[in-house]
Structures are given as structure tokens and as C-alpha cells.
Amino acid sequence: MSNESLANLLKEERRFPPPADLAAHANVTAAAYEQAAGDRLGFWAEQAARLSWETTPTQTLDWSNAPFAKWFADGKLNVAYNCVDRHVENGLGDRVAIHFEGEPGDTRAITYAELQRKVSKAAHALIELGVRAGDRVAIYMPMIPETVIAMLACARLGAPHSVVFGGFSADALATRINDADARVVITADGGYRRGKASALKPAVDEALTRPGTENVRSVLVVRRTGQEDIAWQDGRDVWWHEIVERQSDRHTPEAFDAEHPLFILYTSGTTGKPKGILHTTGGYLTQVSYTHHAVFDLKPETDVYWCTADVGWVTGHSYITYGPLSNGATQVLYEGTPDTPHQGRWWEIVQKYGVTILYTAPTAIRACMKWGDDIPAKFDLSSLRVLGSVGEPINPEAWMWYRKHIGADATPIVDTWWQTETGAMMLSPLPGVTETKPGSAQRALPGISATVVDDEANEVPNGGGGYLVLTEPWPAMLRTIWGDDQRYLDTYWSRFEGKYFAGDGAKKDDDGDIWLLGRVDDVMLVSGHNISTTEVESALVSHPKVAEAAVVGAADPQTTQAICAFVILRGGAAAETSDADAGSGLVEELRAHVSQQLGPIAKPKRILPVAELPKTRSGKIMRRLLRDVAENRDLGDVTTLTDSSVMDLIQAKLPSAA
Ligand code: ATP
Ligand code: MG
């Protein structure tokens, strides 16, 4: 960003107080903010007591070698014991931990007692394959219970896992196996997506032909789809059902140091070469457990929780596996896509299981908006009581749609800002405390310190814009980038002395609440003004004909950058634009709409209706690729795209704009 702070263009006046009954029984009240502000470390020490420690820590934070943190360093615990065994010991063995819903409609309910037996067996199998504490295990799986079981089995043995999205290519998998120096890969023959079996094992076979993957000695394969023509390398490949099923279902967990590595997770690669983010044990589990309890107001006896993220993304790690299970929650795990076999599948699942807490991403909400209000209206969604959002800034209109059409105009929405690096939620409303504002993550959670600074690291006043920073260490923070301490220092700690640089633009409103404005790399410079892609996108999405928008700044001789927008139109409007005249009329209408919402400075120079936008597997728009298109460059790395053919379609539309 240049020397001028982000312009504060969007005004959003709508406010939604917490429902009175939720507030009256909330797990966490406003007192938590005060307590944490008075004694931040004491607050976290108290939260650590949510867990069962074999050795209770006496130290909270060791920051003597900043920014390399140690939390609860003299404590010892086992993560899998905390997520599974202790609930069984507490008499909750019959509670369902996972309601699994396969895409083809097969279901399984797994209780905590069964989960304990399954995790124990899987742990013994890994031991038989030679896995020892400290060995890295790569997990490349569909969204099935064995994925969670595999993660917990690794955690139980102190073997850090590295989960790689099942949608990534053999090359992406090989790079990650190589970087983490994994010894075992856990995979499946395939999984179900979009109505058909989609193979996974061939990508593992191919990845293991790449240099740097020689240390992988075993591939453990779950049979999910039963495809018959699966290649097999004797001595290396082992069926899960053959080795796991015959093991003992009792395993005594060993306690590990609080700073023992729990997992490595490569960031999704929205901005460049993936970074192996390292998370450790005690601090991580403390914060995911606390935030899951506080932000969703989880009542484990009665709630049915569902996070729609893929487990290959950090949200799946923290809010499918570790947060909910450490809290003894009952949750839904769904294998497939939201529109298979019909566009109401998610809402059918909510109705079927009586889901009370739903956690999803703006990209999914915008897709549902595009499909139409009538689809969720066909289902009984009255069980829902808290809705969550994560992954991108949520456009105010998408937020309103979520509240109205999914939340019956009553359910609080928690917009949670955090990153792979932060490990757990950092900014979010609390559903029983906060008066929410559509599109704002609002404020740091209790025990978290965040603010917005300008280029000189000065905190901006209310109404100002700049960079989001975290000003104090937090328990679930990344400890380093795997094998690259220098990159850790350079990426996060060198921009502002003593502060963690998140890489996101943000502004403070007049109440001091924080609004995320997109990645700093995406901020546009137009005629001397820094303009947020998020705000222009939100203005476009507030037009009734637009379902989704992606905005980039393309080099421009007059204005430094010119705003270039790619829009997906809602059902009816999309058909209209195939007629060229109607199309250009709509483009003018949209330009005028943005100008009226945000001012003439934010009016896009070009608007291009497209059928799809390039997204990562976690659903984020990859603006850098759109910038490449808008500036007529060759495309950068596309390996983390969900579907790289999307870019061909967009480029094919472009001659008129080039
Ligand atoms: P990479 O770092 O490789 O580019 P990534 O940043 O997409 O990948 P994640 O760690 O999954 O990988 O995403 C974190 C980012 O997602 C945040 O830095 C922010 O840009 C965005 N984000 C997540 N939640 C929110 C939210 N509630 N509001 C606004 N932005 C969000
Ligand atoms: Mg990032």
C-alpha cells in the first residue's frame, strides 16, 4: 500500500442486538473482555484449565525469544485424549461425536466411545507402520470420518500431520510431502464429489514418483468408493481395513510437551508459494477449545454443530476436528458438494439432523443467493440458533441474505476473522453480547489484542483505515514456518516492529469496530486513493442483479490503477446479458450503482460478466489471476485453483476488454 491510508467508503448503518434468550444464557458475557483486559495471561491460564493436562502448566507465556513463543511450556498433555477419551471417562461415551453424511446418502453415527476405539486402533496401525513421535504423516483424504480418525491417531502418537486438500494435484501433494519430509501417507481410493466417485490414490502414486518423496515408506489406503482398477505397490501400500481392523481397540496415550508439534498446514496459496505453518499442542488446543465454546455459544448436551469447511483447510482442523471434539460436541460431517444431488442438499441436512450451529464461508452463501431464496425456503431451518462465517470478508448483502433466508431474521451471525497462521479465531462478535453489523468482524475476542495501523505503525483513529495487526502473542499462534524461521520473521514480524502483520487491510468505524477490507496485496491505488477491493465488491453485490463480484486494480496510464470488475449475475440477469445490448446497459447500470454507493472514485472502469470466478479449494477468489488477465499477462501459479478451466473461460471472454 502507498502512503495514503485506505479510504473509508462504505457506510453500513444496520444493527442487530443479540437475541434476549441467547444473551440470558450465553456461555460468555461481556465480563470476559474486562477480565482478559485486566489480566490477559491469567485469562489464558484459566482457559487452559478447560483441558485435561497430565502435567498442569505453571508457566503461561514465554516470550523471551520473541517472536518465537512458548505457551504453557512446562505442561504436558495428549490432544487425542482431550478430544476423545476424557469424554468417555466422563460418562459421555454414548454421545454421538460425528453424524456422517456421505454424498451418495450413506450415513454413519459415531459415538465418542466408538471414536475412542477407532482412534486407538488407527494409532496401533501407525505404530505397526513404524510411526513414532515426531515423524510427519501426510493425510490426503476425502471428507469422511477416517480423516478425522487419522488426524487424531497422529496426534495421539505425537506424529505431526500435514493434511493436504483432496482436491490438490499430484504436484501440489508432492511439494508438501517433500517440504514436510513425510514418512507415511494416509489416503483413500477416492471420495464422492458432484455425484460421482473421484479417485485420490492415483495422485498419491504419481506424487511418490517425484524427487524428494523417497522417504515415504507406507501408504495407508481407506476403501471408500470401492473402485476396482486401483494400482497397488506391494510392500508400500496397505489397506486401512486390513491393518487397522485387527488392532487392539485400547491404547494408552502418552502425554507430550505443550510445545510438541501438532501439525503442519500449508496455507491455501491465494497469494504465492505455500508456507508450512507449524502449530503446537497446548496453546493451540486451549484457544480452539475456548473460541469454539465462546463464539458459537456451544452447549454440547443439546447443540448439533456443523462446519461445512474441508478438513484440508485450517477451519477444518480447528473447527471440525480439534475445537468441537475437545468440547465434546455432536457434529455433522458431510462429504460432498452443496448442490449434489440438488441445490437444497445443505438445508436438507440441517433439517435432518436438527443443526443448531452452522459455520460456513461467504463464497457458499453467495452461491446459495445465486441459486435463489426459494430453495432454503423449502426446508425447516428453525433449529438454527447461531450462524458463522469465515474465509473472506462477507459482503453486507450476503450477510443480510444469510440472516434472513437461513437465520429466520433472528439468528445472530458471527463473522470470524482469523488465518491458518493464527490457528484459531481472533476477531468476532460474541452471539450473546455483541450488537452485530453486517460485514464487520467487529472486535478482538477476549484475550486477543488487535488494531489497525498506518504505514508508520501508528494506530489509526476511529474512522481511519490501514493494516490489521496483532499486538500481543496469542496461544494458538503459529510457532514458525516449517524449516524456515527466517521466512517467519520476514513475512509476519518485519513490517511493523513488535507487531504481527496479518497482511489484510482494515478500517475502524466510528465505534472502533474493525472491518476487513481484503488483502493488502489486493488493495487498489486509483488516482492517489487506496481503495479496497472488498468495498467495491460489496457495492456490486448490493445490486439485485449481482450474485458475486471480484474486483482488481489493473495498471492504467492515467490513474495508476483502474478498477476492473468481474461479476456473476443472478439467474435471470445472466440470461439477459447474452443479448449484447442488454448486457452493456446492465454494465452501465452497475457502474452507476457503485458510484452512487461509494462515490465516483470507486466506479469501475471495466465490468465483465462471467460465469465463474477463479477460487481456491477453500473458496477464496484468486484476484492475482484476474489481475494477470486484466493486464494481459501470462497466468501465475494456478495449482491451488479448484478448477483451472475457469480461467480459460474468462480469458475467452476477454478480447473486447483487452
Ligand atoms: P495464503 O496465505 O497462502 O495466500 P490464505 O490467506 O487464503 O492463503 P487462510 O489462512 O485460509 O489462507 O486465510 C486467511 C485469510 O482469509 C485472512 O488473512 C483474510 O484475508 C481472509 N479471511 C478469513 N476470514 C475472514 C473474515 N471473517 N473476514 C475477512 N477476511 C477473512
Ligand atoms: Mg494468508
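Atoms within each ligand, like the ligands themselves, are counted from 1 in listed order. Here, residue 1 is the first one in the sequence, and each next residue gets the next number.
- Closest heavy-atom approach to atom 6 (O) of ligand 1 among the candidates Arg519, Met426, Lys620, Gln419: Arg519.
- Ligand 1 places these atoms under 4.0 Å from at least one heavy atom of Asp504: 17 (C), 18 (O), 19 (C), 20 (O).
- Taking every heavy atom of both residues into account, Trp399 and Gly439 meet most closely at CD1-N, 3.5 Å.
- With 3.5 Å as the limit, one finds no donor-acceptor pair spanning the side chains of Ser440 and Asp513.
- Geometrically, ligand 1 and Thr267 share a nitrogen or oxygen pair separated by less than 3.5 Å.
- Any N or O atom pair closer than 3.5 Å counts here, and Gly391 shares at least one such pair with ligand 1.
- Across the listed options Thr534, Asp521, Thr416, Val390, Thr416 owns the non-hydrogen atom lying nearest to atom 27 (N) of ligand 1.
- Under a 4.0 Å heavy-atom criterion, Ala441 is not in contact with ligand 1.
- Residues satisfying the side-chain hydrogen bond (donor to acceptor under 3.5 Å, both in side chains) criterion with Glu535, sequence neighbours excluded, are Lys507.
- Under the ring pair (Phe, Tyr, Trp, His ring centres under 6.0 Å) criterion, Trp306 pairs with Trp346, sequence neighbours left out.
- Close contacts between ligand 1 and Leu516 involve ligand atoms 29 (C) [criterion: under 4.0 Å to a heavy atom].
- A salt bridge is absent between Glu537 and Arg366; no separation between the charged side-chain nitrogens and carboxylate oxygens falls under 4.0 Å.
- A side-chain N or O of Tyr266 and one of Asp179 form a donor-acceptor pair less than 3.5 Å apart.
- We find that Asp409 and Arg403 are joined by a salt bridge, their nearest charged nitrogen and carboxylate oxygen being less than 4.0 Å apart.
- With atom 25 (C) of ligand 1 as the reference point, the heavy atom nearest to it among Trp417, Tyr266, Trp313 is part of Trp417.
- Close contacts between ligand 1 and Pro393 involve ligand atoms 28 (N), 29 (C), 30 (N) [criterion: under 4.0 Å to a heavy atom].
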